[in-house]
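What follows is a single structure, written as C-alpha cells, with notes after it.
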Protein chains: 2
Amino acid sequence: MPRVSQEQAKLNRQRVVEVAATLFRERGLHGVGVADIMAAAGLTHGGFYGQFANKDALAVEAFDAALAEDHRGSLDLLIANYLSLGHVQSPGKGCPLAALANDVAREPPGSSVRARFTHGVRQLAGLLAELMPKMSRERRRQRSLAALSTLVGAVVLARAVDDEALANDLIEAARASVAG
Amino acid sequence: MPRVSQEQAKLNRQRVVEVAATLFRERGLHGVGVADIMAAAGLTHGGFYGQFANKDALAVEAFDAALAEDHRGSLDLLIANYLSLGHVQSPGKGCPLAALANDVAREPPGSSVRARFTHGVRQLAGLLAELMPKMSRERRRQRSLAALSTLVGAVVLARAVDDEALANDLIEAARASVAG
DNA sequence: CTTCATGCATGACGCCCGGCATCTATATGA
DNA sequence: TCATATAGATGCCGGGCGTCATGCATGAAG
C-alpha cells in the first residue's frame with residue numbers, strides 16, 4: 001500500500017520485466033496474464049498500468065531482457081551451453097528464440113514482438129558468425145544461420161519430446177553436427 | 001438439422017479431424033476452440049461430443065492425421081519440400097512438429113499429445129535415416145536426428161521472422177547444410 | 001411400400017474461469 | 001505539503017467447454 005522510494009520503484013519495474021521474461025518463456029505469450037506476472041514479482045496487478053502501456057509493451061521489454069542475458073565465451077562454450085539438458089529443462093532461463101518461436105510466428109505481421117524476434121535472430125547469428133573460423137563473409141553468414149537453425153531445432157524438439165533419452169540423443173546429435 | 005447418412009457422418013467426422021489438424025497448426029493448441037473447428041467444418045459445435053470424447057482426444061487424432069500426410073519421395077525431394085517458402089507460409093498444411101513444438105512442450109508430461117509428438121519425431125527421423133546414404137546404423141541415426149533439428153529449426157525461425165529475405169536466407173542456409 | 005426407432009446434427013443454454021483495464025484509497029518519499 | 005507508487009477491489013466482457021432437449025432424415029424391419 002505504501003509508496004516506495006523511486007529507487008525501489010525502478011527496481012520493482014525491472015523485476016517485473018525479469019519475471020515476465022521468465023514466465024513468457026515458460027508458458028508462452030498467451031499463457032501468462034498481467035496478474036500472474038505481477039503476483040510473481042510480489043506485487044498486485046493494479047499498479048501495472050502505471051509502469052507499462054499494456055501487455056504488448058511489456059512483452060517487448062521482456063524479450064529484449066531475455067536476449068540481453070549473457071552470451072559470452074568461445075563458440076564451443078556457447079554451443080555446449082545451448083545444447084545441454086539444463087537448457088532444455090529450464091526454458092524460463094534459456095534462449096527466447098527457442099522458447100517463443102511458435103508464439104511469435106502466430107503474432108500479426110508488423111507486431112513489435114516480431115520485430116524484436118527478428119532482431120534477436122540477427123543478433124545470435126551475428127554472434128555465431130564472429131566466433132566461427134575464418135572464411136568468406138557470405139559463407140560465414142550461411143554457416144551461422146544453419147547452425148542457429150540446428151541449435152534452435154534441437155532444443156525445441158527435445159523439449160516437446162516425452163522421452164529423456166531421445167531428448168538427449170537430439171541434443172548430442174546436434175552437437176556433433178554443429179561442432180564437426 | 002436433419003440426420004445425415006452414416007456415410008456422410010463418417011465423412012463429417014473425418015472432415016472435422018482434417019480441419020482441426022489445419023487450425024491447430026495455424027493457431028496453436030490453445031488458439032482454437034471446439035466451436036471454431038466445428039464451424040470451420042461447416043457444423044455446429046453441439047454435435048462434437050457425439051463424435052469425440054473431448055478436445056484432447058481430437059487433438060491426438062488431428063496430430064496423427066497431420067503426420068500421415070504424404071512424405072514420399074527421395075531425400076532431396078523431401079528436403080526441398082520441407083525447406084521451402086511454401087512450407088513456411090502455410091503452417092496449416094505443413095509439418096506438425098515445426099508448427100506445434102512449443103505448444104507441446106508446455107503440455108503436461110505424460111499428456112497424450114506429447115506421446116504422439118514423440119512418435120512423430122521418431123517417425124520422421126526414421127524416414128530420414130532410411131533415405132540417407134549408407135553408413136553405420138548409429139551414424140545414420142545421429143545424422144538423421146541432427147538433420148531433423150536443422151529442418152525444424154529453420155522453418156520455425158523463418159516463420160517467426162518479420163523479414164522475408166532473412167526467412168529465405170535461413171531456409172537456403174539450412175538446405176545447403178543438410179544437403180551438403 | 002409403409003412404418004418407426006435410431007442416431008446425427010442443431011442451436012441454445014449453463015456455468016465459470018480468467019483476461020485486461022480502471023479507479024479510489026493510502027501511505028510515504030520528496 | 002503533495003506528488004506518486006502500490007494496494008486492492010471492481011467492472012466488464014469475451015470465450016472456453018460440456019450438456020441437453022429438439023428435429024428430422026435415414027435405414028432397417030415388417
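Because only heavy atoms are used, hydrogens play no part in the values below, and waters and symmetry mates are left out as well, while side chains stay in. Note that this is a predicted model, so its numbers are computed, not measured.
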### Query
Would you call B:Arg25-B:Glu69 a salt bridge at under 4.0 Å N-O?
yes
### Message
At less than 4.0 Å, is any side-chain N or O atom of A:Gln51 found next to OP1 or OP2 of D:dT6? Yes or no.
### Response
yes
### Task
Could you tell me whether the side chain of A:Thr150 and the main chain of B:Ser149 form a donor-acceptor pair under 3.5 Å?
no
### Task
Could you check how far CG of B:Leu11 sits from P of D:dT26, rounded to whole Å?
14 Å
### Query
What are the residues of residues 34-50 of chain B, sorted by number, that bring a heavy atom to within less than 4.0 Å of DNA chain D?
B:Val34, B:Asp36, B:His45, B:Gly46, B:Tyr49
### Task
Check the angle between the aromatic planes of B:Tyr82 and B:His87 and answer parallel, tilted or perpendicular using the 30° and 60° thresholds.
perpendicular
### Task
Starting at CE of A:Met132, measure out to CG of A:Leu75 and round the result to the nearest 0.5 Å.
7.0 Å
### Task
Scan residues 54-66 of chain B against DNA chain D and write down, sorted by residue number, each residue with any heavy atom closer than 4.0 Å; if none is found, say none.
B:Asn54, B:Lys55
### Message
Whether B:Glu61 and B:Arg13 form a salt bridge (side-chain N of Lys/Arg under 4.0 Å from carboxylate O of Asp/Glu) is what I want to check.
### Response
yes
#### Entry: Euclidean distance, atom NZ of residue A:Lys10 to atom P of D:dT4 [Å, nearest integer]
13 Å
### Summary
When rounded to whole Å, the CZ to P distance for the pair B:Phe52 and D:dG18 reads 13 Å
#### Entry: N-O pairing of A:Asp163 and B:Arg114 below 4.0 Å
no
### Query
Can you tell me how far P of D:dT6 sits from CZ of A:Arg15, to the nearest Å?
12 Å
#### Entry: Partner residues of B:Arg15 under the salt bridge (charged side-chain N to carboxylate O under 4.0 Å, His left out) criterion, sequence neighbours left out
none
### Query
Taking the nucleotide of DNA chain D with the closest heavy atom to each, which residue, B:His30 or B:Gln6, is nearer the 5' end?
B:His30
